[in-house]
Protein chains: 2
Amino acid sequence: MVRRPSRPGGPDDASGAHDDAGPGGPAGPAGPTGPGTPSAPAPSVPSTPSGPSSTPPTLADVAELAGVSRQTVSNALNNPDLLRADTLERVRAAVTQLGYSPNRAARSLRTRSSRLVGMRFAPVPEGTANATMDRFVHSLVEECREVGHHVLLFPGDPEDPVAGYDELLRSTAVDAFVATDTWLGNPQAAWLEAQGAPFVAFGRPWDNPAARHPWVDVDGAAGTRLATDHLLDRGHERIAWIGWRKDNFIGEDRRSGWADALHDRGLSTSGLASRVEDLVPSGREASAVLLDEAAPTAFVCASDTLAMGVLHTLADRGLAAGRDVAVVGFDDSQVAQVVPGGLSSVRQPLEQVAVEVVRALAERLVAPRPTATGVLLTPTLTVRGSS
Amino acid sequence: MVRRPSRPGGPDDASGAHDDAGPGGPAGPAGPTGPGTPSAPAPSVPSTPSGPSSTPPTLADVAELAGVSRQTVSNALNNPDLLRADTLERVRAAVTQLGYSPNRAARSLRTRSSRLVGMRFAPVPEGTANATMDRFVHSLVEECREVGHHVLLFPGDPEDPVAGYDELLRSTAVDAFVATDTWLGNPQAAWLEAQGAPFVAFGRPWDNPAARHPWVDVDGAAGTRLATDHLLDRGHERIAWIGWRKDNFIGEDRRSGWADALHDRGLSTSGLASRVEDLVPSGREASAVLLDEAAPTAFVCASDTLAMGVLHTLADRGLAAGRDVAVVGFDDSQVAQVVPGGLSSVRQPLEQVAVEVVRALAERLVAPRPTATGVLLTPTLTVRGSS
DNA sequence: CTGAAAGCGCTAACAC
DNA sequence: GTGTTAGCGCTTTCAG
């Protein structure tokens, strides 16, 4: 309990509790000198920072308490090397004592950096197993903290994919964006690039090989190849594919992994592929048709949602997934993890994606011009009962 | 293409493309009058704010273009009623022309409002079906936009539940918090209340009836009662419960709905309840034991995760969910939606929760003192094949 | 109804 | 090493 000379009669800092505001370890040199230290400027109290929401302490408060100038406090925080050890110590003590934390708005205004990263957060369609972006955001939030940033979410306007970005950019609300959802090409990326806005894409610039922005992606083809090889190794030779529309870049990429794996073993893919919407009923119907017409013994799917559709068909027909027909999905969603029997699935290393995204972001924020680096990560296969 | 008096020799606004910067519907008055319209202020166009990332236009730029003072522009934005119609029109034209959007940092600094809402975003445990918070965040983001706010995510420190809140609060980074995850009481809420920090809780102050903060919650007991009544109506009389530890307030609440529904029909609950961890294997084991020892014909579960455990057991024993044994889960997760056969589940109205949370937030932000209002919403039951 | 002055809290330049 | 000066872009008095 640090007890500074308190104004007599005043409410004092009766609240007691919250001295431990600052993380900075043990109290240190700011320790109680006891009341009655008649030093000159009568370093009075940090006016109970707790209690009602009084305004938080400012740089000036810290400076006064530490007996230095405001600038010195600023330096203590941003350029500690510039201070003499004892001064630094004294300032830090004052900081923790007051529970001081620099005002973000003021700092932003001055440095032109909000330490915020914007990301469009589009709702997950109901009735699917897709939650990749949700999982990714969790990792992104964690990683951003490492570099002192926070994640700002904004809603997507289905009409205008660029709307949310534009306003945040013009109001300098965020330092950078993480652009996602690049299935059908990436208008946001092109737009952001044209604006000169710092951003990193989760997803390759499929539709624009000349793009100059940094991106991070997962090698979907490698994932489906992993899945297909796994099935081939288990003796399957007629392995079907259920994927998405042809104009979906990600879908075509994943499809190629399946096709290449089969071709590499001299197996044909003809009649074994299907393209549908990413919905459970679509996967269900597609698998029923394939089963009837091509008699595959295994399925590789572009998503867990489609794979669940296959499981529906198998259940309909009294077939056991994994024993009668093998199924592998993509995304290692919660659904794959908890469905009875378990659904084997290709798992994207989203934590790693977040790490790379933040790394690229950090680089981009110091670089004057974007450095067009792409990082391609390899997924893994989680094998469960369905294969 | 709008062409302002450009500095000769300068790169000028060559980029062309992006006139559509502003959302504001059809071009309106700023429309191209074509080159060579020598009107006074030369109402030029949205001056390619694009190009390289030059600094965005400021209030002063708008003022100059509109031929008024800076505060007039400010008023046009914040108190349009104060302006004469024609002046307002002129300013607005300048705003859209320049693609002006007020600098957030500056505005925050001045108004002491960041228009940001903070929320701790804790990772979803792997292997469960729980994604309630993810779904909620989507709705929250949407709702916040309605009132001109954005959502700021911060990671949770498992050690110190208050850590993230504290720093954001002291740095005035957010206007308010949405406090979630109140299963075991709500230390954050108590702490935030003590700090006088504006916040709304998603979840009742279970452990502190004297709490004075606004909250929104879903009536879990009503949900499980709905589920139980549904099963009773279908003729089930031996309905088992699989829930959580006794110290979990939410779990006990949900349990009471089940128990009350049975008691109301004069049925006993003894031997029919089980308390376990919220994991699939736990639900699986618990249901196996219950099936052996109490021979229930139906299960109501505190979560979809546990319900999936029941489905595992049924699959193990060759029993058909819905035909041989009925199962109802809680949360209407993706898993419930796509699992073969479908899992009936109690659905929380998260969109509505978000609406109420934001409403309460808005109220709290204008109220000097917190008004202790609680809103309790009623869930619905989604019936699928499992019951 | 519009303009002029002040200042939110901070940090980048320079003095000392 | 430390203090002084200035100003980021905005809104809130208060005069006209």
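Heavy-atom basis, side chains included; hydrogens, waters and symmetry copies ignored. Chain identifiers are assigned alphabetically (A, B, ...) following the order of the sequence lines, protein sequences preceding nucleic acid strands; residue numbering begins at 1 within each chain.
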Polar side-chain atom of A/D175 near backbone of A/R115 as donor-acceptor pair, under 3.5 Å
yes
Whole angstrom value for the distance that separates C1' of C/dA12 from CG of A/L59:
14 Å
In this structure, how many angstroms lie between the P atom of C/dC8 and the CZ atom of A/R107, rounded?
18 Å
Is the shortest side-chain N to carboxylate O distance from B/R359 to B/E356 below 4.0 Å?
yes
Considering just the side-chain nitrogens and oxygens of B/R110, establish if one lies under 4.0 Å of OP1 or OP2 belonging to D/dG9.
no
Look at the side chain of B/D160 and the backbone N and O of B/D157, then say whether any donor-acceptor pair between them is shorter than 3.5 Å.
no
Quick one: bend of the helix from C/dC1-D/dG16 to C/dC16-D/dG1 from 5 pairs per end, to 10°?
40°
Can you tell me if B/R104 touches the phosphate of D/dC10, counting only side-chain N or O atoms and a distance under 4.0 Å to OP1 or OP2?
no
Does A/N78 make a side-chain N or O approach to OP1 or OP2 of C/dT11 shorter than 4.0 Å?
yes
No-hydrogen, no-angle side-chain donor-acceptor test under 3.5 Å, B/Q71 and B/S69:
yes
Salt bridge or not for B/R170 and B/D166, using N-O below 4.0 Å?
yes
Are any of the side-chain nitrogens in B/E142 or B/R145 under 4.0 Å away from the carboxylate oxygens of its partner?
yes
Can any side-chain N or O of A/S108 pair as donor or acceptor with the backbone N or O of A/S113 at less than 3.5 Å?
yes
Separation of D/dG9 P from B/D61 CG (nearest whole Å):
9 Å
Does B/L109 or A/S74 map to a spot on DNA chain C nearer the 5' end, using the closest nucleotide for each?
B/L109
Is there a donor-acceptor pair closer than 3.5 Å between any side-chain N or O of B/N103 and the backbone N or O of B/A106?
yes
Without decimals, in angstroms, what is the distance between A/E64 CD and C/dG9 C1'?
16 Å
Which atom pairs link the protein and nucleotides 1-3 of chain C when you take only N or O atoms and keep those under 3.5 Å?
unit_1	atom_1	unit_2	atom_2	d
C/dT2	OP1	B/T87	OG1	2.9
C/dT2	OP2	B/R84	N	3.3
C/dG3	OP2	B/S69	N	3.2
C/dG3	OP2	B/S69	OG	3.1
C/dG3	OP2	B/T72	OG1	2.9

Would you please test B/F121 and B/F154 for ring-ring contact (aromatic ring centres under 6.0 Å, His included) and show each step?
CA-CA 6 Å; B/F121 199 50; B/F154 61 96; over 10 Å; no
Residue A/A106, side-chain atoms from C-beta onward, closest of D/dT11, D/dC10, C/dG9:
C/dG9
